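Reading through the structure tokens given below for one structure.
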Amino acid sequence: MVVLTGVDKHFGDLHVLQGIDLTVSRGEVVVVIGPSGSGKSTLCRTINRLETIDSGTITIDGAPLPEEGRELARLRADVGMVFQSFNLFAHKTVLENVTLGPIKAKGTKPAQAREQAMALLERVGVANQADKLPAQLSGGQQQRVAIARALAMSPKVMLFDEPTSALDPEMINEVLDVMVSLAREGMTMIVVTHEMGFARKAAHRVVFMDGGQIVEEATPETFFTAPRSDRARDFLSKILTH
Ligand SMILES: Nc1ncnc2c1ncn2[C@@H]1O[C@H](COP(=O)(O)OP(=O)(O)OP(=O)(O)O)[C@@H](O)[C@H]1O
């Protein structure tokens with residue numbers, strides 16, 4: 001379970017997160033949407049400790065987020081993150097990209113890490129690309145490798161920050177399908193996306209952010225048919241007409 005209480009964050013004068021309270025239960029899939037600049041990425045990045053917070057608390061299964069050192073490495077293993085840009089090591093093979101984390105952070109033996117990585121690559125449908133370099137793969141395949149890499153650490157929660165927005169349209173579904181299957185397997189997920197099809201299919205809850213605040217939360221069904229706030233209504237009318 002991920003719990004944020006009163007999380008505040010400034011970038012200089014910009015108050016980018018304003019008292020965020022959010023609880024994500026184990027096995028829950030929360031989709032975060034909102035206009036550009038509303039703080040969605042920053043929210044993800046604070047949960048993964050890529051950004052510090054000014055005040056408030058963030059806990060994962062009851063443990064507060066560590067600041068530094070070995071504990072930070074443990075946290076990085078607890079939180080699997082998938083970014084818009086796949087962030088794979090260009091000069092390592094697909095297989096090495098997936099084995100590296102567990103070998104370094106968890107001390108997993110190479111043979112065991114390889115076996116686990118092959119199973120994960122199979123799960124995301126790219127096992128036949130294991131010996132290639134990332135640049136030899138399509139964007140959709142690279143993003144699926146990035147998902148496998150995040151899963152390799154056996155995370156407690158997976159964060160996705162606009163995972164399909166850098167992809168050509170025909171590759172979006174292959175990545176979303178992997179995410180839907182993870183959701184159905186009971187993975188705890190926080191997903192920043194404007195792919196409303198994913199939200200409808202897999203989300204338990206939609207969280208709408210604007211101006212660094214959570215303005216509204218509801219089930220996808222309620223949110224898409226009857227948003228309560230004017231800001232959410234305006235936002236939905238813009239994205240759904242695109
Ligand atoms: N490292 C940083 N330094 C200064 N300002 C930042 C930094 N990162 C983000 N910001 C600003 O904080 C605000 C929120 O950014 P954030 O990326 O969290 O929003 P977002 O909702 O994810 O937007 P988008 O949908 O465009 O990715 C924006 O105004 C952004 O310019």
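Position 1 is the first residue of the sequence; numbering continues from there. Not measured: the values here are computed from a predicted model.
- For the pairing with I58, the side-chain contact (heavy atoms from CB on, under 4.5 Å) check across N48, V3, L4 returns one residue only, L4.
- Judged by distance alone, the side chains of K109 and Q112 never bring a donor and an acceptor atom under 3.5 Å apart.
- Dense packing is recorded around CZ of R200, with more than 12 heavy atoms of other residues, nucleotides or ligands lying under 6.0 Å away.
- Between the E28 side chain and the H204 main chain, no donor and acceptor come within less than 3.5 Å of each other.
- Side chain of S138 to main chain of Q141: a donor-acceptor pair is present (N/O by atom type, distance under 3.5 Å, no hydrogens or angles).
- Under the side-chain contact (heavy atoms from CB on, under 4.5 Å) rule, T42 has a single partner from V7, V16, I20, L14, which is V16.
- Looking at heavy atoms from C-beta onward, V145 lies out of side-chain contact with V124 at the 4.5 angstrom threshold.
- A distance-only check finds no donor-acceptor pair linking the side chain of R123 to the backbone of L182 [under 3.5 Å].
- The shortest side-chain heavy-atom distance between F160 and M189 falls under the 4.5 Å cut-off.
- Contact of the Q84 side chain with the D161 side chain is not registered, since no non-hydrogen atoms from C-beta on lie closer than 4.5 Å.
- Residues R49 and V79 are not in side-chain contact: their nearest non-hydrogen atoms beyond the backbone lie 4.5 Å or more apart.
- In summary, D234 and R231 do not engage in a salt bridge, as defined by a charged side-chain N under 4.0 Å from a carboxylate O.
- Not counting sequence neighbours, the partners of F208 by the ring pair (Phe, Tyr, Trp, His ring centres under 6.0 Å) test are F235.
- Although no hydrogens or angles enter the test, the distance criterion places no donor-acceptor pair under 3.5 Å between the side chain of K132 and the main chain of L137.
- Within 6.0 Å of the CZ atom in F11, the count of heavy atoms belonging to other residues, nucleotides or ligands exceeds 12.
- Enclosure of atom CD in E122 is not indicated, since only 12 or fewer non-hydrogen atoms of other residues, nucleotides or ligands lie within 6.0 angstrom.
- N97 places a side-chain N or O within donor-acceptor distance of the main-chain N or O of K92, the cut-off being under 3.5 Å.
- Remark: side-chain polar atoms of T188 are paired, donor with acceptor, to backbone N or O of G27 under 3.5 angstrom.
- Residues F198 and T164 fail the side-chain proximity criterion, which asks for heavy atoms closer than 4.5 Å.
- Side chain of Q18 to main chain of G6: no donor-acceptor pair is present (N/O by atom type, distance under 3.5 Å, no hydrogens or angles).
- I33 has its side chain within reach of H194: a pair of non-hydrogen atoms, C-beta onward, lies under 4.5 Å apart.
- For Q142 (side chain) and F86 (main-chain N/O), no donor-acceptor pair under 3.5 Å exists by modelled atom type.
- Considering only heavy atoms from C-beta on, M118 comes within 4.5 Å of L95 through its side chain.
- No donor-acceptor pair under 3.5 Å is formed between the side chain of E217 and the backbone N or O of I214.
- Annotation: side chain of V192 is in contact with side chain of C44 (closest heavy-atom distance under 4.5 Å).
- D8 places a side-chain N or O within donor-acceptor distance of the main-chain N or O of G19, the cut-off being under 3.5 Å.
- Environment of CE in M1: sparse, with no more than 12 heavy atoms of neighbouring residues, nucleotides or ligands closer than 6.0 Å.
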